[in-house]
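These notes are about the structure you will find just below.
Reminder, nothing fancy here: chain letters follow the sequence lines and each chain counts from 1. Below, each value reflects all heavy atoms present in this structure, side chains not excepted, and no hydrogens, waters or symmetry copies.
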Number of protein chains: 2
Amino acid sequence: MAKNAVPEEERRRRRPTKQGTVLTHDLIVDTALRMLREHGAQGFTARRLGLALGADASALYRYFAGLDELTRAIADALMQRAMTGWTPGGEWRADLRDLGLRIHAAYLAHPQAAVLAASRVSGRAHEIAADEAILGVLRRAGFADPAAVRIYHVFVDQALAFAALDAASLALPADAREADEAVWDATYARLPAETHPNIAATSRLLAERMNASAYPAALDLLLSAAAAERAATEAPTQP
Amino acid sequence: MAKNAVPEEERRRRRPTKQGTVLTHDLIVDTALRMLREHGAQGFTARRLGLALGADASALYRYFAGLDELTRAIADALMQRAMTGWTPGGEWRADLRDLGLRIHAAYLAHPQAAVLAASRVSGRAHEIAADEAILGVLRRAGFADPAAVRIYHVFVDQALAFAALDAASLALPADAREADEAVWDATYARLPAETHPNIAATSRLLAERMNASAYPAALDLLLSAAAAERAATEAPTQP
DNA sequence: GACAAACGTCAACCGCGTTGGCGTAAGGGC
DNA sequence: GCCCTTACGCCAACGCGGTTGACGTTTGTC
């Protein structure tokens, strides 16, 4: 029968909502992602999500046990978005740089989910695929297994850690972010050179970097250190 | 008069609470830290904090404009714990390594608080002192200002980001952590070599590192890259 | 055409952060 | 020693959050 080809998800009974929309796991997750991107973390609540779907908030509980499970489902999609379309290019440094920036960007696109997801081991297909890819790049580049695993570990945790840190500040309510910026202007920019010579001397440079993520620079430093390590192993001599 | 030696904080009028405790900024922050450690982030609310102090939650608003400001105060208390007793030793690499490990350790000592605080700019005395110290070490080591600021930014954010990441997994409820470990055993350890050759080949090494923080390795890689950069600047020649 | 299950809706519960008004105790001026 | 100001803690309430159980309605199945 043709019905067997329909995914189980779509075989369930559907009743349209009062506004006519038909709820689905995917529709709920996609709507949640859109809300997060468009209205920020403070605009994302179960009640508002229900409103955006034209349904009562309590209808969500037919699909997810709670907000916790919903955010986990959202998080599951992040690594997928990071990895779709990626293929190894052959140059290990460029490959890792690309992967790192992809993961960072994918998480930052949805800060709320990233904050909750970054520290968990999902063990799902896309996370495993990313790990396999990173290890593969390092081992094909000639790193011995212990070094490959060590650098892999730092690489993954660095990407997730910076993603979580940057996401957390993006996920702050708008007023809290403004408060942080006001704090900076009111203190760092006004420190006298007598008591804080190093901050005062570099305050213009500090201000420039204030709102940018340190991740790209951190990633480059990691890759430089890894390259130096590999060079030392490959040609362990100085004439 | 001797009273002049008393910090202004303690000169204010004090009225004991119904249970007899006398509220102070420091007492509130310390109690908050203790609550976070003992009962987790979920158990930390303004109402419960008030209860633990023997006061009404609304009494806190005489000391902090809101939970936001209290969080900032908590963040600064952590940085104070990281910085007390530190003095520059003269060798910039050792100094930075020491500072990084101190900050990481201080935050990890209060995982729940670290999760809340790591992404915030407190703008208070101890955070500023840490920033001044780090910039000072780098500039005295001979880094030009742009490089010093870039490395400072990576250094600080990396320390806080790894602290937050590691803290988040420490802060998970025990059953969630066991679930994560079970997921690892059930998936990563059993992946066949045909589909995931790189994970399978290194699974023993991966398992060893699984529960350790990648921060010390990340810190060492950062310092290596910074040292290489400085060496290139100092002797900027190739014959 | 009737039945049972799946589904959306409604009303309510409890806890959250926060606020404004009220009582009260401490300290200074005389 | 008295009074008056003022800082402070307490109380009640508001709006909003996640979540739940009961209730009706739609839908596929026989």
In Å and rounded to the nearest 0.5 Å, what is the OH to NE2 distance from A:Y188 to A:H196?
-> 9.0 Å
Is there a salt bridge (charged side-chain N to carboxylate O under 4.0 Å, His left out) between A:D30 and A:R34 once you walk through the steps?
-> CA-CA 6 Å; A:D30 288 348; A:R34 195 162 43 74; over 6 Å; no
Nearest whole angstrom, please: distance from the C1' of C:dG17 to the CZ of B:R62.
-> 16 Å
Rounding to a whole Å, what distance do you find between B:L27:CG and D:dG9:C1'?
-> 14 Å
In whole angstroms, the gap separating P of C:dT18 from CZ of B:F64 amounts to 13 Å
In whole angstrom, give the distance that lies between atom CG of A:L23 and atom C1' of D:dT25.
-> 15 Å
Set out, line by line, the N/O atom pairs under 3.5 Å between protein and nucleotides 19-21 of chain D.
residue: D:dT19; atom: OP2; partner: A:Y61; partner atom: OH; Å: 2.5
residue: D:dT19; atom: OP2; partner: A:L67; partner atom: N; Å: 3.0
residue: D:dT19; atom: O5'; partner: A:Y61; partner atom: OH; Å: 2.9

Could you tell me the separation between the CG atom of B:L49 and the C1' atom of C:dG15, rounded to a whole number of Å?
-> 16 Å
Considering residues at least two apart in sequence or located in another chain, which fulfil the salt bridge (charged side-chain N to carboxylate O under 4.0 Å, His left out) criterion with A:R209?
-> none
Salt bridge (Lys or Arg N to Asp or Glu O under 4.0 Å) pairs touching residues 44-54 of chain A, sequence neighbours excluded, are none
Indicate whether any N or O donor in one side chain lies under 3.5 Å from an N or O acceptor in the other, for B:S58 and B:D56.
-> yes
Value in whole Å for how far the P atom of D:dG9 lies from CG of B:L60 | 9 Å
Answer yes or no: does a side-chain N or O of A:R48 lie under 4.0 Å from OP1 or OP2 of D:dC16?
-> no
Under a 4.5 Å cut-off applied to non-hydrogen side-chain atoms, are A:I74 and A:L70 in contact?
-> yes
Whole angstrom value for the distance that separates C1' of D:dC11 from CG of B:L51 = 15 Å
